[in-house]
Amino acid sequence: MRYSQAFIHTLFEAPKEAETPSHIFLLRGSFVYPLAAGLYSLLPLGHRAVEKIKGIIREELDAIGGMEVTMPVVNPAELWKKTGRFFNIGEELIRFKDRREREFVLAMTHEEVVTDMAKQFVRSYRDLPVMLYQIQTKIRDEARPRAGLLRVREFQMKDAYSFHPDFADLDVYYPRIFNAYLRIFARCGLKSTPIEADSGIMGGSGSHEFMLESAHGEDHFVLCPACGYSANTEKAVGVKAERTPCAEPLAMEEVSTPGVKTIADLMGFFGAPEKHFLKTVAYIADGSPVLAVVRGDFNVSVTKLAGHLKAVHLDYAPEKTLLEKGLNPGFLSPVGVDGMRVVFDTAITGGALYIAGGNAPDMHLKNVLAGRDFEVKERADISEVREGDRCAACGGAELRIKRGIELGHTFKLGTKYTAADSMDVTYLDGAGAPNRVVMGCYGIGVERLLASVIEKWHDEGGMQFPVSIAPYQIILSQLGNQPEVVAMAERLYSKLGAAREILYDDRGESPGVKLKDADLIGIPVRLVVSRKLEKSGEVEIKIRQTGEVKICPESELEATLEAIFKRLAPSIENLPYMDEG
RNA sequence: CGGGGCGUAGCGCAGCCUGGUAGCGCACCUGCCUUGGGAGCAGGGGGCCGUAGGUUCAAAUCCUAUCGCCCCGACCA
């Protein structure tokens with residue numbers, strides 16, 4: 001491609017809304033163009049990079065037996081009502097009616113549609129297992145799109161679905177997709193960290209998120225530096241240091257605390273550390289109020305609490321509801337609560353005295369003792385791990401909390417969508433008996449992956465693409481418009497263009513502009529021809545990621561490039577592969 | 001949805017407080033010149049000042065409403 005003919009319009013200055021590196025460089029480099037909040041057009045450079053990523057995904061999924069399909073974005077609401085998601089999902093799911101008043105949704109994933117296909121065509125155990133995938137537009141009306149392509153409302157997602165005769169077969173298949181994911185990210189130049197994720201009813205090792213460690217990530221995960229245990233913060237389990245029981249339990253007493261509500265205020269008021277308090281938070285779980293009690297130095301994990309309660313909807317209880325129940329926000333307490341479900345965190349043990357709310361305005365209770373002043377009927381791990389908690393897996397090291405971008409998610413779905421009360425998908429086994437189909441689902445956000453690569457691979461001057469997903473492998477910068485220089489550039493362009501994708505900067509711009517643009521758009525290998533080099537029959541080769549520069553005789557150029565590209569190709573060796581049995 | 005910030009040319013900004021012919025840099029167009037790190041000279045095109053009301057002889061500027069965008073938080077099947 002000749003730059004002079006290309007639809008590439010780089011910006012000297014970034015639009016002020018851009019703050020994260022990937023957002024800034026995608027805009028400046030003419031990769032994307034914003035249409036509205038969270039909605040972007042992919043310009044030619046961005047489009048090409050995304051197509052490269054999709055190519056890698058296709059290769060890896062085809063290699064483990066996947067078959068690509070295409071499914072509609074507009075889905076009949078009826079299908080989504082069958083699985084319950086029409087009702088369970090909030091405003092993120094766009095619903096509308098067509099001209100005949102029939103209800104539809106815009107698909108945010110395709111479990112319903114693909115399961116409907118499976119229901120139609122999977123009849124026999126001979127049809128299983130099977131894996132179908134699609135790379136298509138998904139629509140989610142996100143509350144807050146942000147950071148360019150990292151979180152958007154319309155995006156391409158690779159979604160894969162596997163169907164199995166039973167759980168054992170899914171367990172056998174799962175490592176293959178897990179390993180394919182590791183290869184996909186590695187081939188895009190990223191080191192991904194698979195972490196245990198919340199898998200709801202499935203439990204165990206049923207779900208993994210593949211994280212890229214990044215300061216601009218919006219997710220947090222826990223990592224044990226000693227044993228390698230890693231998990232989503234919401235799900236991660238840590239060892240909670242217990243408080244030592246007091247020798248002589250003092251009697252509970254009321255303390256007037258006008259306007260003192262938060263743990264921080266209370267610490268000041270009582271002159272006691274965080275862990276001496278009980279933090280009581282009121283939720284509404286599927287319509288019923290629930291109190292969650294954790295120690296003052298912990299926070300409630302909504303995920304763990306919802307999992308424990310088996311609740312679909314879990315929200316903070318509105319102040320109004322609390323007052324109706326005779327509860328006072330800011331002074332909540334497990335003491336003296338009747339007729340309401342109260343869940344205690346496992347950190348709250350007997351023997352130690354606590355300071356709790358008084359369940360009355362402007363009042364707290366001192367010297368509260370579990371078992372004496374309130375009953376602990378229900379105990380569960382409902383608190384979030386903290387940086388520095390000890391690892392529950394190896395018992396030794398202190399857990400670290402990292403920020404990251406979720407690149408992909410693998411999930412043993414089980415029978416959530418194939419169950420009788422959902423879409424009811426069965427097949428006949430060898431004995432002619434009906435059996436329930438078991439599913440797995442596996443997603444990757446394609447544009448987010450592009451943005452993640454830039455988050456990882458950039459410097460002050462711009463992007464530094466891995467050769468595997470760069471929109472062009474080579475940029476040929478012609479510096480000087482002397483006939484000999486032009487002739488040499490043209491010669492190289494046609495000769496190298498046969499084997500590589502090459503962007504030939506033939507513009508009449510000054511050298512500074514051309515070189516800055518080459519850096520900005522991050523093409524991995526830059527070739528320069530100039531008057532000086534032309535005279536000696538040489539070409540300059542610069543590698544964008546490393547900054548290495550070498551001068552190469554034109555006659556040796558192809559062999560030299562061959563070696564360079566071989567060296568630059570991302571490796572898929574030594575990844576934390578799962579045993580495929 | 002809560003908190004904060006911003007809407008003036010494609011991009012970055014000034015002008016607004018104190019109302020009076022809409023400006024600067026980059027980009028773009030023409031010509032000359034120039035080719036190793038965002039060159040030079042000369043000429044030029046482009047804006048209902050987000051939108052709608054109001055105040056006023058007069059509104060980018062003051063008032064009201066509304067829409068949009070960004071950041072932090074909540075939320076994220």
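Letters A, B, ... mirror the listed sequences (proteins, then strands); counts begin at 1. Owing to the predicted nature of the structure, the values given are computational and were not obtained by experimental measurement.
Comparing B/C62 with B/G15, their P atoms are spaced 12 Å from each other, to the whole Å. B/C63 and B/U55: their P atoms are spaced 15 Å apart (whole Å). For the P atoms, the distance from B/C13 to B/A59 is 28 Å, rounded to whole Å. Separating the P atom of B/A22 from that of B/A9 is a span of 15 Å, rounded to the nearest Å.
Under the 30°/60° scheme for interplanar angles, the aromatic rings of A/Y40 and A/H23 are found to stand perpendicular. Between A/H409 and A/F411, the ring planes lie perpendicular to each other; the angle is over 60°, past the 30° to 60° tilted range.
When rounded to the nearest whole Å, the span between CG of A/L11 and P of B/C13 equals 13 Å. Regarding A/D519, its CG atom lies at a distance of 16 Å from the P atom of B/G36, rounded to whole Å. Whole-Å rounding puts the A/L479 CG to B/U35 P distance at 11 Å. The interatomic distance linking A/N481 (CG) with B/C33 (P) rounds to 11 Å, in whole Å. Rounded to whole angstrom, the span from the CG atom of A/D141 across to the P atom of B/C1 amounts to 11 Å. Rounded to a whole Å, the NZ atom of A/K514 is 11 Å from the P atom of B/G36.
A/A147 comes within 4.0 angstrom of the backbone, heavy atoms only, and of no base. Residue-level contact check: A/V528 touches the bases, meaning some heavy atom is under 4.0 Å from a base atom.
On a pure distance criterion of 3.5 Å, no polar donor-acceptor pair joins the side chain of A/R28 and the base of B/G12.
Look at A/D459 and A/R544 and you find a salt bridge, because one of the NZ, NE, NH1 or NH2 atoms lies within 4.0 Å of a carboxylate O, short of that distance.
Nucleotide B/U35: unpaired (no Watson-Crick or G-U wobble partner with both distances less than 3.5 Å). B/G2 is paired with B/C72 under the criterion used here, namely a Watson-Crick or G-U wobble arrangement in which both key atom distances are under 3.5 Å.
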For nucleotides 22-30 of chain B, which of its nitrogen or oxygen atoms have a protein nitrogen or oxygen under 3.5 Å away, and what is each distance?
unit_1 : atom_1 : unit_2 : atom_2 : d
B/G25  : N2     : A/E13  : OE1    : 3.2

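Contact annotation: A/R144 side-chain N/O to B/C70 OP1/OP2 distance is not under 4.0 Å.
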